[in-house]
Protein chains: 4
Amino acid sequence: MANNIQNIFNESLQDTNLSDKQKTVLKASLDLFSTKGFDSTSTKDIANSAGVAEGTVYQQFKNKRGILDAILNPFIDSVLPKIVLDFTDAVKGNQFDNVHDFLTYVIKNRMKFALTNQNQVRIFAQEIFKSNKLLNQMKKQLGNLLDGPVAQQLQKFQERGEIAPIPIPRLIQFLFSTTVSFVLPAILNQQGNVTNEQIDGWTEQSVDFILHGITL
Amino acid sequence: MANNIQNIFNESLQDTNLSDKQKTVLKASLDLFSTKGFDSTSTKDIANSAGVAEGTVYQQFKNKRGILDAILNPFIDSVLPKIVLDFTDAVKGNQFDNVHDFLTYVIKNRMKFALTNQNQVRIFAQEIFKSNKLLNQMKKQLGNLLDGPVAQQLQKFQERGEIAPIPIPRLIQFLFSTTVSFVLPAILNQQGNVTNEQIDGWTEQSVDFILHGITL
Amino acid sequence: MANNIQNIFNESLQDTNLSDKQKTVLKASLDLFSTKGFDSTSTKDIANSAGVAEGTVYQQFKNKRGILDAILNPFIDSVLPKIVLDFTDAVKGNQFDNVHDFLTYVIKNRMKFALTNQNQVRIFAQEIFKSNKLLNQMKKQLGNLLDGPVAQQLQKFQERGEIAPIPIPRLIQFLFSTTVSFVLPAILNQQGNVTNEQIDGWTEQSVDFILHGITL
Amino acid sequence: MANNIQNIFNESLQDTNLSDKQKTVLKASLDLFSTKGFDSTSTKDIANSAGVAEGTVYQQFKNKRGILDAILNPFIDSVLPKIVLDFTDAVKGNQFDNVHDFLTYVIKNRMKFALTNQNQVRIFAQEIFKSNKLLNQMKKQLGNLLDGPVAQQLQKFQERGEIAPIPIPRLIQFLFSTTVSFVLPAILNQQGNVTNEQIDGWTEQSVDFILHGITL
DNA sequence: CATGAATGAGCGTTCATTCAT
DNA sequence: AATGAATGAACGCTCATTCAT
């Protein structure tokens with residue numbers, strides 16, 4: 001499953017009918033946008049980084065914004081939902097009969113996803129402050145999440161009395177924020193190489209905190 | 001205290017030798033940068049919003065970047081530390097003899113601060129992805145925080161056995177992320193009017209979660 | 001009167017709040033558009049010709065099209081109507097009691113106008129093929145002409161039996177085309193220096209032809 | 001004869017060694033140049049309209065200008081002269097023994113030609129303002145006209161005393177301008193469908209005016 | 001101090017043209 | 001012969017910055 005996640009963006013790249021040069025353009029843009037920001041990256045920067053002429057950039061992409069969309073739209077429309085929906089199978093095949101194992105699975109999964117897609121996450125984080133459209137798209141996706149298998153599993157645990165009767169959206173908010181608190185520093189520092197051991201440690205600490213808080 | 005926070009930026013404004021017109025420039029820039037982003041705001045935008053000539057902007061600020069610095073530097077160098085140091089007095093005058101009250105105080109305090117300074121926070125959040133300097137400055141400030149009164153108070157509770165033996169930086173990370181999880185959506189949505197009642201509710205839920213997690 | 005015509009465009013220039021540099025830009029554009037055509041003239045060309053920086057061009061004019069409008073709009077909205085309406089006074093002060101004198105006056109007048117404003121006419125002629133808006137504006141102005149003093153005077157002559165009962169629009173069409181047949185070659189050849197003697201000769205030949213045709 | 005005129009351009013097309021695709025390119029260019037103008041028509045527009053790849057356009061035509069030349073050169077070098085020279089036969093076979101019939105024939109003939117070739121005329125009219133070469137070519141052709149059968153016929157009428165002793169070039173100027181005054185509005189309005197009845201009416205009015213002017 | 005016209009480097013984008021397939 | 005991806009010069013235009021008033 002972890003491998004699947006890692007490949008979702010690349011798969012979605014292969015789905016498109018972009019030439020090799022165009023994919024280089026997209027890769028270069030991903031790098032530049034994520035470090036310098038969209039506005040501070042010139043199309044000349046992109047062309048130089050990709051090793052193509054500036055005109056080539058516009059062969060496939062309508063305009064500079066189009067490159068950003070080609071990066072963010074799959075992220076929003078395809079990658080995120082895929083992640084969310086993939087749980088269906090995971091949950092079916094993998095009967096989580098205790099909260100601890102379930103949280104461990106979900107959190108580790110998401111950490112890997114975020115760290116694998118660091119650049120997109122950075123770009124997304126920068127753009128969401130400027131674009132109401134992006135913000136609304138994310139709200140919608142989060143809404144879907146609340147109807148999805150994660151929410152259903154959490155509810156099941158609640159009904160069994162294994163989780164406190166906190167509203168599901170709030171539960172997800174806490175899961176999310178705790179996860180992010182480990183991942184975001186790495187993303188901000190652009191630490192490319194986070195080991196599986198680190199992720200395992202972070203996951204354990206997250207699950208402990210989420211389950212029991214900070215009191216003894 | 002709440003009032004103090006609200007005024008810290010304004011106070012730090014008064015400390016500078018900026019003319020009234022220059023302050024208008026700064027206020028206008030604050031608004032524009034926070035909504036449109038630094039790059040997408042032109043000096044003409046600023047001049048128009050501030051009701052001054054474009055040249056006037058350059059009377060006090062060396063360049064456009066200088067305006068951003070004039071907004072973010074006090075935030076980093078003065079506002080943030082002031083907040084941190086103010087605790088000394090607060091803690092002295094206000095003996096927190098249980099964890100619950102302490103967390104309630106700290107969290108409510110910070111929520112108000114973040115919401116009062118929404119615009120700076122928005123600008124800060126956007127820029128920190130692009131500027132290593134900013135990132136390092138924040139790391140330094142967070143380092144100071146770890147030597148400050150909040151950390152000391154937490155350690156005291158730990159020594160008394162009222163808090164689990166989680167490393168202090170990690171404790172602060174959890175406090176921070178939980179708080180942010182309530183505040184950030186409001187900031188993203190640019191909800192100007194968050195009531196005290198809402199903040200009280202958010203604080204309560206945060207403290208409950210931080211103390212006991214999600215299990216019964 | 002002839003002097004008036006000569007000055008109408010310049011007057012309309014003075015009415016605007018254009019700086020000296022901007023007027024230079026307009027003059028340069030007038031030259032370049034009229035010889036090379038609008039599309040083949042670059043804003044760099046204009047800036048170089050005007051001796052200003054390219055940015056200066058955009059200080060007063062929203063875009064390149066705006067310069068063309070600043071040249072053509074007065075021509076359509078102000079210069080042409082002014083010419084048409086000025087007849088009122090001319091006719092009042094100048095009782096034309098025979099067709100010959102009237103035509104001589106009208107045709108000489110228009111020839112001078114067209115030759116004085118050669119560049120605008122050239123630009124206008126090029127653009128009218130591409131712009132339906134321009135075409136419609138001219139139709140409207142020609143419509144106004146048919147309600148104006150020239151048409152009235154012609155009708156008076158018709159009622160007196162001094163002119164054949166040809167429909168007024170057709171009469172004006174013949175006046176116009178005959179006049180143009182003398183003026184257009186000069187404009188195409190960009191003959192700047194057409195003498196008053198030439199114009200007098202052209203006028204006489206035009207009036208002769210219009211009155212009697214080519215038969216003996 | 002009318003049919004001949006209609007086909008002259010097509011005939012001249014057949015003379016060339018253009019493939020079917022290339023002819024489509026030329027047709028498409030004719031349409032686009034005449035409506036949007038040469039400069040505002042991109043080679044991509046042409047390729048799309050013609051349903052070929054952009055590279056194909058350059059198979060037969062050296063460059064974009066080459067397409068314009070392929071449209072205008074036959075118009076100047078072959079179509080116009082052919083029209084002029086065809087009179088030889090026409091005049092031979094058709095003895096014009098009065099001015100009225102001759103003018104009627106000549107004018108109707110030219111009106112049809114201009115209306116049939118509206119698009120070329122539009123392109124020609126736009127380009128002649130920009131290209132001295134084109135202007136000189138036309139001057140040369142008009143010079144030939146003055147040595148041609150029309151001029152000879154007119155001179156014959158003059159010698160017989162049926163036409164006033166106006167210089168032949170001037171006579172032709174009047175014929176031309178009167179004809180144009182009917183045809184140009186239709187061309188500007190891009191009225192594709194001018195009926196033979198309309199042309200007959202226009203011709204009659206033209207001839208009347210040319211012969212007798214506007215007096216009774 | 002404040003102004004705003006002037007600047008020119010640099011932006012995003014277009015497009016005529018080339019050339020390997 | 002036909003293609004269309006690739007090119008890069010040149011375009012229209014923006015904008016941070018300067019400076020004479």
Side-chain angles (χ1 to χ4, degrees), chain A residues 18-22 24-25 38-48 50-67, chain B residues 18-22 25 38-48 50-67, chain C residues 18-22 24-25 39-47 50-67, chain D residues 18-22 25 38-48 50-67:
Chain A
L18 292 176
S19 72
D20 282 353
K21 291 225 169 189
Q22 301 303 335
T24 325
V25 169
F38 176 74
D39 293 303
S40 302
T41 302
S42 71
T43 50
K44 189 166 205 139
D45 285 340
I46 296 171
N48 288 344
V52 300
E54 223 175 324
T56 306
V57 173
Y58 288 85
Q59 203 81 21
Q60 288 291 339
F61 302 104
K62 206 190 143 222
N63 49 32
K64 195 184 153 192
R65 174 81 213 177
I67 309 177
Chain B
L18 293 176
S19 73
D20 282 356
K21 290 221 169 189
Q22 301 302 336
V25 168
F38 175 75
D39 292 302
S40 301
T41 302
S42 71
T43 49
K44 185 168 205 143
D45 284 340
I46 296 171
N48 288 345
V52 300
E54 225 175 323
T56 307
V57 173
Y58 287 82
Q59 206 74 32
Q60 208 55 234
F61 303 104
K62 202 190 144 216
N63 50 31
K64 194 183 154 191
R65 174 81 213 178
I67 309 177
Chain C
L18 293 175
S19 73
D20 282 354
K21 290 224 170 190
Q22 301 303 335
T24 325
V25 168
D39 292 302
S40 301
T41 302
S42 71
T43 51
K44 191 168 205 135
D45 284 341
I46 296 172
V52 300
E54 219 174 327
T56 306
V57 172
Y58 289 85
Q59 202 81 20
Q60 290 289 339
F61 302 104
K62 206 188 144 222
N63 50 32
K64 194 184 153 192
R65 174 80 213 177
I67 310 177
Chain D
L18 293 175
S19 73
D20 281 355
K21 290 221 170 191
Q22 300 304 335
V25 168
F38 176 75
D39 293 301
S40 301
T41 301
S42 71
T43 50
K44 186 168 205 143
D45 284 340
I46 296 171
N48 288 344
V52 300
E54 224 175 323
T56 307
V57 172
Y58 287 83
Q59 206 74 34
Q60 206 56 232
F61 303 104
K62 202 191 144 216
N63 51 30
K64 195 183 154 193
R65 174 81 214 177
I67 309 177

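Protein chains get the first letters and strands the later ones, always in sequence-line order, with residue 1 at the start of each.
Heavy-atom distances to DNA chain F give each of K44(B) and G55(D) a nearest nucleotide, and the one nearer the 5′ end belongs to G55(D). The 5' end of DNA chain E is approached more closely, in terms of each residue's nearest nucleotide, by T56(C) than by the other of K62(A) and T56(C).
The minimum heavy-atom distance linking D39(C) with S40(D) is given by the pair OD2-OG, 3.5 Å.
Searching all strands for a Watson-Crick or G-U wobble partner of dT17(F) with both distances below 3.5 Å returns dA6(E).
V52(B) comes within contact range of the sugar-phosphate backbone alone, with a heavy-atom separation under 4.0 Å but no base atom that close. Note on T41(D): only backbone sugar-phosphate atoms sit closer than 4.0 angstrom, heavy atoms only; bases stay farther off.
Residue I46(B) contributes atom CD1, which lies 7 Å from atom P of dA16(F) at whole-angstrom precision. The separation between N48(D) atom CG and dC15(E) atom C1' is 13 Å, rounded to whole Å. What separates CZ of F61(C) from P of dC13(F) is a distance of 13 Å, to the nearest Å. Across the protein-nucleic acid pair, N63(C) atom CG and dT14(F) atom P stand 8 Å apart, rounded to whole Å. Summarising the geometry, the separation between CG on D39(B) and C1' on dG12(E) is reported as 15 Å, rounded to the nearest angstrom. The distance between atom CD of E54(C) and atom C1' of dA5(E), rounded to the nearest whole Å, is 17 Å. When rounded to the nearest whole Å, the span between CG of D45(B) and P of dT14(F) equals 12 Å. Between F38(D) atom CZ and dA16(E) atom P the separation is 8 Å, expressed in whole Å.
Considering only heavy atoms from C-beta on, V52(B) comes within 4.5 Å of V25(B) through its side chain. The closest side-chain heavy-atom distance from E54(A) to I46(A) is not below 4.5 Å.
Closest contact between the side chain of S42(C) and the listed nucleotides dC13(F), dC11(F), dA2(F) involves dC11(F). In the set dA6(F), dC15(F), dA2(E), dA6(F) carries the atom at the smallest distance from any side-chain atom of Q59(A). With dC15(F), dT17(E), dC13(F) as the candidates, the nucleotide lying closest to the side chain of T43(D) is dT17(E). In this structure, of dA6(E), dA16(F), dC13(F), it is dC13(F) that holds the atom nearest to the side chain of Y58(C). Side chain of K64(B), nearest nucleotide from dC13(F), dC11(E), dA16(F): dA16(F). Closest approach to the A53(B) side chain among dG12(F), dG4(E), dA2(F) is made by dG4(E) (side chain taken as heavy atoms from C-beta onward).
Residue Q60(C) places none of its side-chain N or O atoms closer than 4.0 Å to OP1 or OP2 of dA6(E).
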Evaluate the side chain to side chain contact (heavy atoms under 4.5 Å, CB included) criterion for residues Y58(A) and T43(A): first the C-alpha distance (whole Å), next the side-chain angles of each, then the deciding distance (0.1 Å), finally the verdict. CA-CA 9 Å; Y58(A) 288 85; T43(A) 50; 3.2 Å; yes
